[in-house]
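Read the numbers this way: they start at 1 and go in the same order the structure lists the ligands and their atoms.
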Amino acid sequence: MNEGSRSSDGLWFGKDMSQAEPIPEQTIERAVELMRSGRLHRYGEQGDGFPEPSLLEEEFAAYLGSRYCVAVSSCGAAMFLALKALGVKPGDDVLTSSFTLAPVPGAIAHAGARPVLVATRADFTTDLEDLADKLRTSKARVLLLSHMRGHVTDMEVVQDLCHRHGVALVEDCAHTMGASWDGRPTGTWGRVGCFSTQTYKHINSGEGGLLVTDDDDVAAQVILMSGCYMMYDQHRCKPPVEVFDRWKYITPNFSMRMSNLAAALLRPQIELLPERSARWNRIYARLEVELAKAPNVSLPRRHPKEAFVPSSIQFSLALEPAGIERFLQECQLRGLYVKWFGCPEPTAFTSNYSHWHYFKAELASDQSMSVLRHLMDLRLPINLTEAECDLIGRIVTAAAIVAAREPSHPLCISTSETEQP
Ligand SMILES: *Cc1c(COP(=O)(O)O)cnc(C)c1O
């Protein structure tokens with residue numbers, strides 16, 4: 001962002017909202033030790049102790065209260081492997097949330113299947129009435145439910161609906177590590193939970209994914225498919241050997257393992273999660289109050305049963321596209337990078353289902369698009385101070401006032417300056 005073209009009101013933020021926290025020093029030492037040893041692959045043909053991913057799997061399974069965890073290369077890989085393990089075949093339909101990130105329909109496409117979109121409610125969660133309709137009318141045997149940007153819908157209802165229709169539930173928990181509904185962690189409500197350890201999520205190994213399940217057959221297939229080269233005995237958290245015997249000759253290796261290095265970076269971060277969650281919740285609570293002061297801005301009311309870990313904040317801006325364009329420009333003039341899910345062009349991490357032309361979306365109802373059209377998104381670095389939260393509130397208010405008064409041309413800003421992740 002160019003400081004030369006600042007706004008006349010003197011408001012200036014200028015912080016890079018995508019800047020990650022450093023990796024803790026002891027963890028860096030462990031990573032260097034691993035590099036000196038050269039042992040970066042998780043499996044050793046001659047055994048040699050339990051490598052880092054096996055320990056991480058054991059620790060993450062214990063943290064969530066799941067029977068099994070398998071460490072893989074990304075959350076996208078975890079979702080793909082979950083669909084394969086649940087028997088999704090090319091040409092099948094898979095139900096999924098219409099408000100989600102591109103890797104979710106991507107995982108469905110990777111399995112050769114077709115996403116069937118479930119509508120999004122005004123509070124950014126998956127619409128349960130539409131889910132009930134789609135469960136009744138579609139042939140899908142799997143629901144890949146996305147807790148997009150950490151918004152968790154009523155999981156008791158989801159679980160009950162899936163149960164009644166014999167549909168397997170897979171949770172996309174890329175934004176809900178440490179979150180829960182009514183005290184029960186996300187990722188443990190269905191057959192499989194999929195987590196991301198990509199830099200912009202709650203714990204950071206650059207890239208990585210964690211799949212959790214209580215199901216013996218799913219766990220064995222995922223270990224085989226992730227690419228264990230038959231060295232599944234080196235997993236600590238694994239089903240009995242006879243389960244592998246059922247699958248080992250008929251299951252392909254898709255090579256989606258996690259490396260020792262990624263797992264070593266992640267292990268010490270798991271115990272930081274409660275403290276990080278508390279910090280993110282304080283930031284969210286402060287911003288929620290400040291942003292609500294801006295005209296045309298509204299924030300979703302969060303359900304008391306929902307415990308969330310807000311690494312980002314979303315709000316609705318009740319303006320036409322030209323007004324929203326102007327709002328984004330005015331924020332940018334003040335050094336604040338805001339993202340817009342309704343942008344006509346997919347930009348950086350932000351796209352919506354109207355951009356995913358590789359499948360014929362039976363488009364979710366107009367209701368979904370009218371929610372996404374107004375949906376604004378701000379990443380929340382965990383080191384955001386109270387003063388910075390207040391400044392963001394003042395900038396959003398100033399920008400929203402200008403935007404309501406003087407909308408701009410309805411063109412999405414897509415200069416290189418906005419192409420932060
Ligand atoms: C980031 C993200 C994913 C994918 O995670 P990767 O580890 O990048 O594959 C899936 N779903 C949502 C909602 C995400 O935000």
Among Trp280, Tyr63, Phe60, ring pair (Phe, Tyr, Trp, His ring centres under 6.0 Å) partner for His202: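 Option passing the ring pair (Phe, Tyr, Trp, His ring centres under 6.0 Å) with His202: Trp280.
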Ligand 1: protein residues within heavy-atom distance under 4.0 Å: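 Close residues (ligand 1, cut-off 4.0 Å): Ser74, Cys75, Gly76, Met79, Leu101, Pro103, Val104, Ser146, Met148, Asp172, Ala174, His175, Ser196, Gln198, Lys201, Gly208.
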For His147, all residues meeting ring pair (Phe, Tyr, Trp, His ring centres under 6.0 Å), sequence neighbours excluded: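 Checked His147 against ring pair (Phe, Tyr, Trp, His ring centres under 6.0 Å); zero matches.
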Qualifying salt bridge (charged side-chain N to carboxylate O under 4.0 Å, His left out) pairs with a residue from residues 291-311, counting only residues at least two apart or across chains: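 Residue pairs passing salt bridge (charged side-chain N to carboxylate O under 4.0 Å, His left out), neighbours aside: Glu156-Lys305, Glu290-Lys293, Arg302-Glu306.
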Sequence neighbours excluded, every pair satisfying salt bridge (charged side-chain N to carboxylate O under 4.0 Å, His left out) that has a member inside residues 55-80: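 Only Arg42-Glu57, Glu58-Arg236, Glu59-Arg267 qualify under salt bridge (charged side-chain N to carboxylate O under 4.0 Å, His left out).
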Cation-pi check, Arg379 onto Tyr200 ring (under 6.0 Å, within 45° of axis):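 Judged by the rule, Arg379 and Tyr200 form a cation-pi pair.
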Check: Gln269 and Asn204 side chains under 4.5 Å, non-hydrogen atoms: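 Touching, per the 4.5 Å side-chain cut-off.
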